[in-house]
Trainee: 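Have a look at the structure that comes next, please.
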Amino acid sequence: MCGRYTSKKNPVELAEEFDAEDRIAEQRRPDFNVAPTRNEPVVRAERDQHGPQAARELVEMRWGLVPFWAKDPKAGGRMFNARAETLTTKPAFRSAVKKRRVLVPADGWYEWKKSEDGKTKQPYYMTTQDGSSLAFAGLWESWGTGEDYLQTYTIITTEAQGQLTEVHDRMPFLLPASAWGDWLDPDRDDVTDLLATPDLERGEQLELRPVGADVGKVANNSPELIERIEPGAVLL
DNA sequence: CCAGACGTTGTT
DNA sequence: GTCTGG
DNA sequence: CCAGACGTTGTT
DNA sequence: GTCTGG
């Protein structure tokens, strides 16, 4: 799950909404089809900050976490998700979960619901109804030096809750605004309590919207990708 | 000891 | 079927 | 996540 | 870097 999402807002808007310093400092086109390997905005605590009130910064990173010990950055190709249930023990993630946590701003995300016979699939777009951003819990890592230097991130997943189970069995781990400070707190190296309490309420407030098949192709990127399609074309 | 993996999803 | 690229 | 490629030799 | 399997 969660191999595609949207990031429509520009850095200035995101910096405002997430109370972060804008380090991107250039305009971005709204992205209606964020796929692994793309560079996208994420929010992290500033260096040398302390506590849940630590200052934050908005920076761009590549989606797909490349562990610092990887021989080749292609390793990140498959690490675009990390299971909340096993994060702390997996070699690829356990150091990042202690020290390098991020918020991944999104307007919504896509899931492909499979038909019962598994032969066809229908994409859905899950989005907020009030236009506020979602914050996916994420981790980041740096890899390489000099010309090869990369900063990459992964999105944490958890078991789907409530209405979302109709579409898929996993979902991104949503953090309520009240938990952002604790999630990013540089002084904290144990977040098992936060990972134990997903934002159920937020999930119930989302709109689940069947959309056209065009989103499947990563080269497509336009507002039409998130438009609701006719119920006749839906499998639900 | 060294060599090789280190991940998720979904499907069977 | 399985890997790569976006 | 999905879509698209998946190979070599030799010739242009 | 660190764990697992042989």
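Quantities reported herein were computed from a predicted structural model and do not represent experimental measurements. Every chain is numbered from 1, with letters handed out A, B, ... down the list of sequences.
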Trainee: Provide, to the nearest angstrom, the distance between the CG atom belonging to A/Asp72 and the P atom belonging to B/dA5.
Mentor: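 The answer, rounded to whole Å, is 14 Å.
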
Trainee: Using whole Å, what does the distance between atom P of nucleotide B/dT11 and atom CH2 of A/Trp112 come to?
Mentor: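 Going from CH2 in A/Trp112 over to P in B/dT11 covers 14 Å.
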
Trainee: Is any side-chain nitrogen or oxygen of A/Thr89 closer than 4.0 Å to OP1 or OP2 of E/dC3?
Mentor: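 No, no such contact exists.
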
Trainee: Quick check on D/dC2: is either OP1 or OP2 less than 4.0 Å from any side-chain nitrogen or oxygen of A/Arg4?
Mentor: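 Negative; the distance criterion is not met.
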
Trainee: What is the distance from CD of A/Glu116 to P of B/dT11, rounded to the nearest Å?
Mentor: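 Between P of B/dT11 and CD of A/Glu116: 12 Å.
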
Trainee: What integer distance in Å separates A/Lys98:NZ from E/dT2:C1'?
Mentor: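 About 12 Å, once rounded to whole Å.
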
Trainee: Could you state the CH2-C1' distance from A/Trp63 to B/dT8, rounded to the nearest angstrom?
Mentor: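 Rounded to the whole Å, the gap is 12 Å.
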
Trainee: Side chains of A/Trp109 and A/Glu111: donor-acceptor distance under 3.5 Å anywhere?
Mentor: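 Yes - a donor-acceptor pair under 3.5 Å links their side chains.
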
Trainee: Send over the distance from A/Phe93 CZ to E/dT2 C1', rounded to a whole Å.
Mentor: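 For the pair A/Phe93 CZ and E/dT2 C1', the rounded distance is 15 Å.
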
Trainee: With rounding to the closest Å, how many angstrom separate the C1' atoms on D/dT8 and B/dC2?
Mentor: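 To the nearest whole Å, 37 Å.
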
Trainee: Sort out the partner of B/dC2 for me: Watson-Crick or G-U wobble, both distances under 3.5 Å, none otherwise.
Mentor: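 Because both required distances fall under 3.5 Å, B/dC2 counts as paired with E/dG5.
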
Trainee: Would you please confirm or rule out a distance under 4.0 Å between OP1 or OP2 of E/dG1 and any side-chain N or O of A/Ser95?
Mentor: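 The answer is no; no side-chain N or O of A/Ser95 sits under 4.0 Å from OP1 or OP2.
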
Trainee: Does A/Pro67 reach a base, just sugar-phosphate, or nothing at all? Heavy atoms under 4.0 Å.
Mentor: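 Answer is nothing: A/Pro67 stays at 4.0 Å or more from every strand.
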
Trainee: Determine the contact category for A/Ala35: base if any of its heavy atoms lies under 4.0 Å from a base atom, sugar-phosphate if only primed atoms, P, OP1 or OP2 are that close, otherwise nothing.
Mentor: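 The residue A/Ala35 makes base contact.
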
Trainee: Side chain of A/Pro91 only, heavy atoms from C-beta on: which candidate in C/dG6, E/dG1, B/dT11 is closest?
Mentor: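 Within the option list, the nearest is E/dG1.
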
Trainee: Quick one: which of B/dT9, B/dC6, D/dC2 gets closest to the side chain of A/Thr157?
Mentor: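 Closest of the options to the side chain of A/Thr157: B/dT9.
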
Trainee: Any side-chain N or O of A/Lys217 less than 4.0 Å from the OP1 or OP2 oxygen of C/dG6?
Mentor: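 For A/Lys217, the contact criterion (side-chain N or O under 4.0 Å from OP1 or OP2 of C/dG6) is not met.
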
Trainee: Tell me whether the OP1 or OP2 atom of B/dT9 has a side-chain N or O from A/Arg83 closer than 4.0 Å.
Mentor: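 For A/Arg83, the contact criterion (side-chain N or O under 4.0 Å from OP1 or OP2 of B/dT9) is met.
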
Trainee: What's the closest nucleotide to the A/Lys74 side chain, out of B/dT11, C/dG6, C/dG5?
Mentor: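 For A/Lys74, the side-chain atoms sit closest to C/dG5.
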
Trainee: Applying a 4.0 Å non-hydrogen cut-off, can you work out what A/Ala82 is touching in the nucleic acid: base, sugar-phosphate, or nothing?
Mentor: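 Sugar-phosphate only.
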
Trainee: For A/Glu201, is the CD atom crowded, meaning more than 12 foreign heavy atoms sit under 6.0 Å from it?
Mentor: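 Atom CD in A/Glu201 is not crowded, with 12 or fewer foreign heavy atoms closer than 6.0 Å.
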
Trainee: Is the aromatic ring of A/Phe80 within stacking range of D/dC1, meaning centres under 5.5 angstrom and planes under 30 degrees?
Mentor: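 Not stacked by the 5.5 Å and 30° rule.
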
Trainee: Please state the C1' separation for the pair C/dG5 and B/dA5 - nearest whole angstrom.
Mentor: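 Taking atom C1' in both C/dG5 and B/dA5, they lie 23 Å apart.
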
Trainee: Under 6.0 Å from the ring centre and within 45 degrees of the ring axis: does the NZ or CZ of A/Arg101 meet both conditions for the six-membered ring of A/Trp183?
Mentor: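 Output yes; distance and angle both within limits.
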
Trainee: When you compare the side chains of A/Gln151 and A/Arg44, does any donor N or O come within less than 3.5 Å of an acceptor on the partner?
Mentor: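 The criterion, which ignores hydrogens and geometry beyond distance, is satisfied for A/Arg44 and A/Gln151.
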
Trainee: Using a distance-only test with no angle check, is there a side-chain donor-acceptor pair under 3.5 angstrom linking A/Lys121 and A/Ser115?
Mentor: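 Per modelled atom types, A/Lys121 and A/Ser115 side chains form no pair under 3.5 Å.
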
Trainee: When the C1' atoms of D/dG7 and B/dC6 are compared, how many Å lie between them, rounded to an integer?
Mentor: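 My reading of the C1' atoms in B/dC6 and D/dG7 gives 31 Å.
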
Trainee: If you count every heavy atom of other residues, nucleotides or ligands that lies below 6.0 Å from A/Glu16 atom CD, does the total exceed 12?
Mentor: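 Incorrect, the count does not exceed 12.
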
Trainee: Report the nucleotide, chosen from B/dC6, E/dC3, C/dG6, that has the shortest atom-to-atom distance to any side-chain atom of A/Arg94.
Mentor: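 Side chain of A/Arg94 sits closest to E/dC3.
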
Trainee: How far does the P atom of B/dA3 sit from the matching atom of C/dG6, given to the nearest Å?
Mentor: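 Approximately 34 Å lies between the P atom of B/dA3 and that of C/dG6.
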
Trainee: Is it the case that A/Thr157 and A/Arg83 place a side-chain donor and acceptor less than 3.5 Å from each other?
Mentor: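 Per modelled atom types, A/Thr157 and A/Arg83 side chains form no pair under 3.5 Å.
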
Trainee: May I have the distance from A/Met171 (atom CE) to D/dC1 (atom P), rounded to whole angstrom?
Mentor: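 Value for this atom pair: 16 Å.
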
Trainee: What integer number of Å spans the P atoms of C/dG1 and D/dG10?
Mentor: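 It comes out at 34 Å once rounded to the nearest Å.
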
Trainee: Side chain of A/Phe68 only, heavy atoms from C-beta on: which candidate in B/dT9, C/dG6, E/dG1 is closest?
Mentor: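 Of all the options, the side chain of A/Phe68 is nearest to E/dG1.
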
Trainee: Whole angstroms only, please: what is the CG-P distance between A/Asn39 and C/dG6?
Mentor: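 In whole Å, C/dG6 P and A/Asn39 CG are 12 Å from each other.
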
